[in-house]
Amino acid sequence: MPSDLLLLLPLLIPLYGALLCLMFWQKEKWQAAMAGLAQVAWLAGSAFLLQRVWVQDVVSTQIGNWPAPYGITLVADVFSALLLLAGAVIGLAVYLFSLQGLDVTRRRFGYYPLLLLLQMGVSGVCLTGDLFNLYVWFEVLLICCFALLSLGSTKGQLEGTLKYVTINFLASGLLLTGVGVVYSLFGSLNLAELAVLVRQPTHPNLPLLSMASIFFLVGFGVKSAIFPLFFWLPASYHTPPIAISAFIAGLITKVGIYTFIRLFTLIFVSDLGFLLPLLAILSGLTMLVGVIGAAAQTDFKKILSFHIISQIGYMLMGLAIYTPLAIAGSIFFIVHNILVKTNLFLISGVVAERYRTFSLKKLGDVYLEQPILALLFLVSALSLAGTPPLSGFWGKLMLAKAGLTAGNYILVATSLCVSLVTLFSMTKIWNEVFWKPKAQSLEKKLTRAPVNLFRLRQLYLPVILLLVFILFIGVCARPLVQLSERAANGLLHIENYTETVLTNNNTRK
Amino acid sequence: METLLPLMVGSLFAAGLYFILHRHLFKVILGLILFGLATNLFLFVVGGLTRGGTAIINKHEKVAVEPYADPVPQALLLTAIVIGFGIQAFAIVLIRRVYQTFKSNNLDELRKENEAH
């Protein structure tokens, strides 16, 4: 398959999938079938793309064959293909979960097309090679998020979505302003050409670049929920049903971090002496505040939402240390976190499917009734906390080692303490939900859904699927570590990236 | 023009932010719209203003004659306006729905009701 097509497939498959779903409006069986096909195809397309960039390092194509700095560039390297593949895996898992775990009304009225369009937005952000298109794809992604978060319009959802829309609109405005500033300084929006321009030490506008980078720091800071800008996340992520919040919580903030790492290794590199200490402080505080927030919560979904913030701190930590090993650690951690976080959300969904509540106080005794589910939760939770030999451990090991080598002792100490508190909060969920005997006074009040074993088994399926991946990257971490190192290497040595984009213009007439 | 426009952009940004921070839902919409306008205008001004010259290449020449207005910011602007329009439309519908559901357009009351709920 030509690599042009491979680059286009992750965009076209979800788009056509969504269109097909729209043709079967109100017929949820047909929609589910179409969406299932699209999910499998998206997964296959991403896997092929990863395989291709593993061979060729960087592949790029120009839409309409306009030469590089003028046309619309699509480009993929190991980092973007890896993120796409992780997104595709959780896409499939969330799709499988939605078949039984989401109400018919939501499935009938737009869940599948919106999810697919959201995935198209993610593909666009990962594959674009142009700063303005990055903004546009982010908007595609966000508007689908808005619609998904408010799908069903319960009171909580409306309130959460209102906050989410307002703050994200502000952040997008800041991003657009930043794009304007960069264009006015360098006269180009193509990422590869910008990367070449900012590396010319004599460029007259170079000193103004760090001002532009602050716009992006704040804009993407909001979208990826870093320290002072994260308040919208715990206010909105727990409101929609699990089949929606699992995908959004698993992937969207990580896409923000992806653009962070991409832009701050490719373009905003002229003033790292100022940016890196700032990022180090922000990442430390993000970890700390997120985990402390989680410790104060007594709701399954809210605890998990706060942990998203704390884990964003780890991903930022790799960027702040800025060595190949550290960035590889970040990338490993992103992939690990996408899988584990989605899985934990899905497990909370399975629990709530039976007991109709997320409150730790009301739950209990789940271990007695669903021992397999308890085991699945235990493995995922320990993986999130970073117990060896599970996947979180390797990411944290790489980050800590890189931090110690670079002499960033305070940051490493913070990250290790935060791991400990993460373990505490996971233990809290374990004790409250799975272990403790249920309060007798609540026993009668609790409306319990009738057991339908077939349905319950179907809900286990996506959880087990994700757990297989989590166990694989934990027990057999070598392939993913190698991939992350390749990706980090590609991010820090950009010659290959810029050359492929800028000279690969007229290979075919 | 060159001194007037930056002042306008600045005041639009300020007004937009002020309204977004308001607890009245209708003013939040106004704020979103003004903030969107401010970013769009900023994008237009920051690309440099040239009057009269279009970037159309004449028959006899290979490149456009200087001075011409840079078409790229205009293209970006068009896209940004359309996107902003879409999001504002969504926000207006959302806020109307919030008003219908909560029977209130005050953000603080919304929160109280949700906590009681």
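Chain letters run A, B, ... following the sequence lines, proteins first and then strands; every chain starts at 1.
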Q: Could you look at T161(A) and say if it's the side chain, the backbone, both or neither that has a heavy atom under 4.5 Å from chain B?
A: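 It is both, since atoms from each part get that close.
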
Q) Where does L185(A) contact chain B at under 4.5 Å (heavy atoms): side chain, backbone, both or neither? A)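 Contact with chain B involves no heavy atom of L185(A) at all.
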
Q.
Non-hydrogen contacts under 4.5 angstrom with chain B: give the residues of residues 171-181 of chain A involved, or none if there are none.
A.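 Hits under 4.5 Å: G173(A), L174(A), L176(A), T177(A), G180(A), V181(A).
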
Q. Just checking heavy atoms, which of residues 114-136 of chain A are less than 4.5 Å from chain B?
A.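 Against chain B, the residues of residues 114-136 of chain A that fall inside the cut-off (heavy atoms, under 4.5 Å) are F132(A), Y135(A), V136(A).
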
Q | From CA spacing to verdict: salt bridge (charged side-chain N to carboxylate O under 4.0 Å, His left out), K155(A), E159(A) | A | CA-CA 6 Å; K155(A) 278 191 172 179; E159(A) 200 211 353; over 6 Å; no

Any side-chain heavy atom of [X] within less than 4.5 Å of one from [Y]?
{"X": "W66(A)", "Y": "I72(A)", "value": "no"}
{"X": "I248(A)", "Y": "S245(A)", "value": "no"}
{"X": "F220(A)", "Y": "L263(A)", "value": "yes"}

Q) Below 6.0 angstrom between ring centroids: does that apply to F186(A) and H203(A)? A)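 When the ring centroids of F186(A) and H203(A) are compared, they turn out to be within the sub-6.0 Å range.
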
Kindly assign one of parallel, tilted or perpendicular to the pair [X] and [Y], based on the angle between their ring planes and the thresholds 30° and 60°.
{"X": "F216(A)", "Y": "F268(A)", "result": "tilted"}
{"X": "Y18(B)", "Y": "H22(B)", "result": "perpendicular"}
{"X": "Y237(A)", "Y": "W232(A)", "result": "perpendicular"}

Q: Would you check if there is a donor-acceptor pair between the side chains of T239(A) and Q157(A) at a distance under 3.5 Å?
A: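 Side chains of Q157(A) and T239(A): no pair found under 3.5 Å.
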
**Q.** Exercise: do N58(B) and E61(B) side chains pair donor with acceptor under 3.5 Å
**A.**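 Short answer, yes.
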
Q.
Please classify the contact between I87(B) and chain A as side chain, backbone, both or neither, with a heavy-atom cut-off of under 4.5 Å.
A.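 Contact with chain A: backbone and side chain both.
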
Q | Inter-chain contacts: residues 68-78 of chain B against chain A, heavy atoms under 4.5 Å | A |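 Residues in range: D70(B), V72(B), P73(B), L76(B).
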
Q: Could you tell me which residues in residues 39-46 of chain B have at least one non-hydrogen atom under 4.5 Å from a non-hydrogen atom of chain A, sorted by residue number?
A: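 Answer by number: T39(B), N40(B), F42(B), L43(B), V46(B).
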
Q | Interface residue of largest heavy-atom contact number with chain A, from V28(B), L32(B), V98(B), under 4.5 Å | A |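 Counting heavy-atom pairs under 4.5 Å, the top option is L32(B).
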
(Q) I need the minimum non-hydrogen distance between L25(B) and S104(B), along with the two atoms involved. (A)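 Result for this residue pair: CD1-O, 4.1 Å.
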
